[in-house]
Amino acid sequence: VQLQASGGGLVQAGGSLRLSCAASGRTFTKYTMGWFRQAPGKEREFVAAIGWSTYYAESVKGRFTCSRDNAKNTVYLQMNSLKPEDTAVYYCAAAPVFALSSYWREAPYEAWGQGTQVTVSS
């Protein structure tokens, strides 16, 4: 599967953005789709994932919503109430396991998008 992320940009604190990740291939429905982010000088970290269920990092729970449209082979990350600490490059990823227990780890994800920059100004 190949992934193409889009939707990043510059937004003020408290604002919203919606990221999209379009996937190629006919087995999209069998994948767990994840979102990760990497801030400057920091390691990449888990943000959200959707497969058998939907999972969120504590830092974004209640503000971000991950969803998928299987007809469009696309996964979304709706980000509301954005904070300056949400500034990062956001990556989508695909793991070929629908009921993925270790969704927060990078290792199960075999395909990664190119990343899209999200900048939140204070």
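Residues Arg37 and Asp86 are in side-chain contact: their nearest non-hydrogen atoms beyond the backbone lie under 4.5 Å apart. At a threshold of 4.5 Å between non-hydrogen side-chain atoms, the residues Glu110 and Pro96 count as touching. Residues Ser24 and Asn73 have side chains not in contact (no heavy-atom distance under 4.5 Å, counting atoms from C-beta outward).
Contact between Lys61 and Glu58 at its shortest, heavy atoms only, is NZ-OE2, 2.7 Å. Scanning both residues, Leu3 and Ala111, for their nearest heavy atoms gives CD1-O, 3.5 Å. The nearest pair of heavy atoms linking Val1 to Ala23 is CG2-CB, 3.8 Å. Phe98 and Gly51 make their closest contact through CZ-O, 3.2 Å (heavy atoms, listed as atom of the first residue, atom of the second, distance). Closest non-hydrogen pair, Thr32 versus Val97, comes out as OG1-O, 2.5 Å. Ala49 approaches Cys66 most closely through the heavy-atom pair C-SG, 4.3 Å.
Pairs of residues two or more places apart, or lying in two chains, never qualify as ring pair (Phe, Tyr, Trp, His ring centres under 6.0 Å) while including a residue from residues 56-84. The side-chain hydrogen bond (donor to acceptor under 3.5 Å, both in side chains) analysis of residues 2-20, with sequence neighbours excluded, yields the pairs Ser16-Asn80.
Taken from CD in Gln117 to CG in Leu10, the straight-line distance is 9.5 Å, to the nearest 0.5 Å. Going from atom CG of Leu19 over to atom OG1 of Thr74 covers 12.5 Å, rounded to the nearest 0.5 Å. For the atom pair Met79 CE and Thr65 OG1, the distance stands at 11.0 Å (nearest 0.5 Å).
Hydrophobic clustering of Ile, Leu, Val, Met, Phe, Trp and Tyr side chains at less than 4.5 Å, counting indirect connections, keeps Leu77 apart from Trp104. By the criterion of side-chain heavy atoms lying less than 4.5 angstrom apart, applied directly or through intervening Ile, Leu, Val, Met, Phe, Trp or Tyr residues, Leu100 is grouped together with Tyr55 in one hydrophobic cluster. Residues Phe46 and Val60 do not share a hydrophobic cluster, defined by chaining ILVMFWY side chains whose heavy atoms lie under 4.5 Å apart. Using a 4.5 Å cut-off between side-chain heavy atoms of Ile, Leu, Val, Met, Phe, Trp and Tyr, with links allowed through other members, Trp35 and Val89 fall into different hydrophobic clusters. The hydrophobic cluster containing Met33 does not contain Tyr91, counting ILVMFWY residues as joined when their side-chain heavy atoms lie under 4.5 angstrom apart, directly or transitively.
The backbone N or O of Gly8 lies less than 3.5 Å from a partner atom in the side chain of Thr116, making a donor-acceptor pair. For the pair Arg63 (side chain) and Ser59 (backbone), a donor-acceptor distance under 3.5 Å is present.
Cation-pi geometry between Arg68 and Phe28 is satisfied (NZ or CZ under 6.0 Å from the ring centre, within 45° of the ring normal).
Among Tyr90, Tyr109, Tyr103, the single residue meeting the ring pair (Phe, Tyr, Trp, His ring centres under 6.0 Å) criterion with Phe36 is Tyr109.
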